Participant: 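The structure's right below; bear with me while I get my questions together.
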There are 2 protein chains.
Amino acid sequence: MKKITIGEAARRSGVKVPTVRYYESIGLLAAPSRSEGNQRSFEPADISRLAFIRHARELGFEIEAIRTLLTLQDDPNQSCASADAIAKARLVEVEQRIRSLMALKAELEMMVESCGHGRVDQCRVIEVLADHGQCTHSHH
Amino acid sequence: MKKITIGEAARRSGVKVPTVRYYESIGLLAAPSRSEGNQRSFEPADISRLAFIRHARELGFEIEAIRTLLTLQDDPNQSCASADAIAKARLVEVEQRIRSLMALKAELEMMVESCGHGRVDQCRVIEVLADHGQCTHSHH
DNA sequence: TCTTGCACCTCTAGTCGCTAGAGGATGTAG
DNA sequence: CTACATCCTCTAGCGACTAGAGGTGCAAGA
């Protein structure tokens with residue numbers, strides 16, 4: 001029966017105070033009960049839910065995906081096929097993003113290495129940006 | 001003296017029409033001259049500039065960084081130290097992002113592989129999200 | 001010449017996931 | 001009783017666009 005304030009909930013879950021209120025406002029977290037003075041009073045279950053959301057956000061899941069995952073969690077008799085599909089889709093996204101960033105890294109390294117540190121008109125950084133044909137990787 | 005319409009400029013530079021107007025509105029691209037009927041009329045130099053911006057955006061440079069790079073390009077007597085610093089900073093960011101995404105990838109793979117495709121109450125995907133302590137990597 | 005239809009114009013508002021700030025109420029320690 | 005931190009609601013802002021409304025320009029076919 002000890003009341004958990006929003007600050008305490010934020011500290012324990014690792015979600016910032018305004019973000020907790022934001023999650024409540026978009027219906028990701030049920031509105032908690034209030035104290036006499038209208039201050040939010042959270043339950044331990046709310047802390048778990050916030051930690052779940054935070055971890056999912058750190059993994060890059062979008063809010064709508066998290067909403068679905070939370071619905072699944074609330075109803076544990078369901079098949080986990082949806083959760084699996086969401087995680088798989090996210091994995092594909094992450095792999096794609098890594099591939100793309102590796103290409104960018106290569107291009108940036110080339111730019112930086114070949115910069116003679118002279119004047120701009122001899123600078124490869126500027127030059128490569130100005131003429132995509134000069135760079136080794138092609139997008140799409 | 002052939003006039004380049006905004007559609008043509010978009011097609012040639014690979015930047016979308018509304019985005020061209022947006023770049024003009026934030027001063028990244030000088031306002032072009034207009035036809036009698038008030039339609040934008042671009043020069044070939046504008047196409048190059050748009051292509052430069054597009055390429056830099058693909059490399060993940062922020063608009064303000066691109067603004068600096070464009071200023072450097074416009075003034076080729078300057079030292080390219082600034083351009084070099086911007087590219088180097090971006091390289092560090094990209095490397096950091098790749099490291100972080102690799103960790104996420106590992107965690108997602110573990111989640112997906114250990115999903116037994118049964119009911120949600122046996123689902124690792126949900127479980128791992130609910131309890132960060134179970135996962136192999138730690139953030140921060 | 002007329003008309004069809006696409007491309008263009010401006011302007012406002014929406015996207016996502018927060019974050020910052022104003023202006024005020026509450027709760028607690030000394 | 002007085003500080004002072006923490007809480008409340010509300011609105012607006014961030015970056016980098018994107019979408020839509022409501023209207024105008026322009027080139028080509030009938």
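Chain naming here is simple, since letters A, B, ... match the order of the sequence lines and numbering starts at 1 in each. Fair warning: this is a prediction, and the values are worked out from it, not measured in the lab.
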Participant: Where the side chain of R57(B) meets the backbone of F61(B), is there a donor-acceptor pair that is under 3.5 Å apart?
Facilitator: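 Yes, R57(B) side chain to F61(B) backbone: donor-acceptor pair under 3.5 Å.
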Participant: Looking at R49(B) and L28(B), would you say the former's side chain and the latter's main chain have a donor-acceptor pair under 3.5 Å?
Facilitator: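 Answer holds: yes.
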Participant: Reading nucleotides 6-30 of chain C 5' to 3', which nucleotides get B (base under 4.0 Å from a protein heavy atom), which S (sugar-phosphate only), which -?
Facilitator: --SSB------BBS------SS---
Participant: Please determine whether a side-chain nitrogen of the Lys or Arg among E95(B) and R99(B) lies less than 4.0 Å from a carboxylate oxygen of the Asp or Glu.
Facilitator: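 Salt bridge flag = no for R99(B) with E95(B).
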Participant: Between the main-chain N or O of A9(A) and the side-chain N or O of S13(A), is there a donor-acceptor pair closer than 3.5 Å?
Facilitator: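 Here the side-chain-to-backbone pair exists.
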Participant: Report yes or no: do V92(B) and L101(A) belong to one cluster of Ile/Leu/Val/Met/Phe/Trp/Tyr joined by side chain heavy-atom distances under 4.5 Å?
Facilitator: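 No, V92(B) and L101(A) fall in different hydrophobic clusters.
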Participant: Without decimals, in angstroms, what is the distance between I26(B) CD1 and dC14(D) C1'?
Facilitator: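 Roughly 13 Å, once rounded to whole Å.
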